[in-house]
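Numbering of ligands and ligand atoms starts at 1, following listing order. Treat the numbers as computed from the prediction; the structure is a model and nothing was measured.
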Amino acid sequence: MRKLAAGNWKMNGLTPALDELEALSKSHANAGVGVLVCPPATLIAPAKARISDAIALGGQDCHAEASGAHTGDISAQMLKDAGADYVILGHSERREDHGETDEDVRVKAKTALAAGLTVIICVGETLEERDAANTLDIIGGQLAGSIPDNVTGHTLVVAYEPIWAIGTGKIPSLNEIGEVHDFIRSRLERRFGAGVGRSTPLLYGGSVKPGNAAEIFGVSNVDGALVGGASLSAADFGPIIDALAES
Ligand code: 13P
């Protein structure tokens, strides 16, 4: 099982932020777990030039088509060309801000896989859906609709990010996280077989901080985290990586 500590900088980060990345690449050159940072697309190429291979880079979205007349969009091949090995797809902020559907995410994932990227497919429920006890139905539907058929255990990562936990400082109980992660694992095994199902890293995301990382990483079937705010500084992201390495 690959453990992965992934940072999603979202729409944050100008050139000086590369200092944080460089600090992290020095302090965690031998982290013992996978470390990934997804900065804004403008920083991928300069980041690649400044950091060692110890830290992988990823995009935060890509277009469904390989190239063409789509002003302002970025293609999977462009991300790969700039130095990315991963791309986050179907983040709840993309689903909400840009109306992305499961089918949109699936098509983008196919294009990203064809460009040689590993896809991080995000799923997660709203608070209303959790309160209505619909969480597993929602997650099951998102998994079925968003993940293409041709993934392998090396080209797929799934991130469970309860929407109500993102940027709020709230997290589900450890039992609730475990229930969803066990469910995701069983759905992947059922659809793709035990090999792919068992080797796909499952990340938890939503208000992961240095203070709660260790207990989250102790939950069954949690193989890492997708970290927003706390990934912006090496002083916060470093201890989260360390907690994963010690789990
Ligand atoms: P926060 O860690 O800031 O809650 O963000 C989580 C997230 O959305 C990562 O993709």
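For ligand 1, the polar-atom distance check against Ser207 finds a nitrogen or oxygen pair separated by under 3.5 Å. Checked against a 3.5 angstrom limit, the closest N/O atoms of Ile166 and ligand 1 fall outside it.
Within the structure, the closest approach of Lys10 to ligand 1 falls below 4.0 Å when heavy atoms are considered. Contact annotation: Ala230 has no heavy atom less than 4.0 Å from any atom of ligand 1. A heavy-atom separation below 4.0 Å is not found between Gly205 and ligand 1.
The shortest contact between atom 2 (O) of ligand 1 and any protein heavy atom is with Gly228 N, 2.9 Å. Among all protein heavy atoms, the one lying closest to atom 7 (C) of ligand 1 is Glu161 OE2, 3.1 Å. Gly229 N, 2.9 Å is the protein heavy atom nearest to atom 3 (O) of ligand 1.
With salt bridges taken as basic N to acidic carboxylate O contacts below 4.0 Å, one links Asp102 and Arg95. A salt bridge is defined here as a Lys NZ or Arg NE, NH1 or NH2 lying under 4.0 Å from an Asp or Glu carboxylate O, and Asp81 with Lys48 fails to meet this definition.
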For this session: Give the intermediate values and the outcome of side-chain hydrogen bond (donor to acceptor under 3.5 Å, both in side chains) for residues Ser207 and Asn212.
Result: CA-CA 9 Å; Ser207 297; Asn212 61 19; over 6 Å; no
For this session: Apply side-chain hydrogen bond (donor to acceptor under 3.5 Å, both in side chains) to His91 and Glu161, showing your working.
Result: CA-CA 8 Å; His91 191 283; Glu161 298 204 307; 3.0 Å; yes
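Looking at heavy atoms from C-beta onward, Trp9 lies in side-chain contact with Leu21 at the 4.5 angstrom threshold.
Between Tyr204 and His181, the two ring planes are tilted [angle within 30° to 60°].
Scanning all heavy atoms of the two residues, the minimum distance from Ala64 to Val107 falls at CB-CG1, 3.7 Å.
In the vicinity of Asn8, heavy-atom distances shorter than 4.0 Å reach the ligand 1 atoms 9 (C), 10 (O). With ligand atoms numbered from 1 in the order given, ligand 1 contributes 9 (C), 10 (O) to contacts under 4.0 Å with heavy atoms of Leu226. Atoms of ligand 1 lying under 4.0 Å from at least one heavy atom of Gly206, given by number and element, are 4 (O), 6 (C).
Tested against Val158, the residues Leu202, Leu203, Asp223 include a single side chain to side chain contact (heavy atoms under 4.5 Å, CB included) partner, Leu202.
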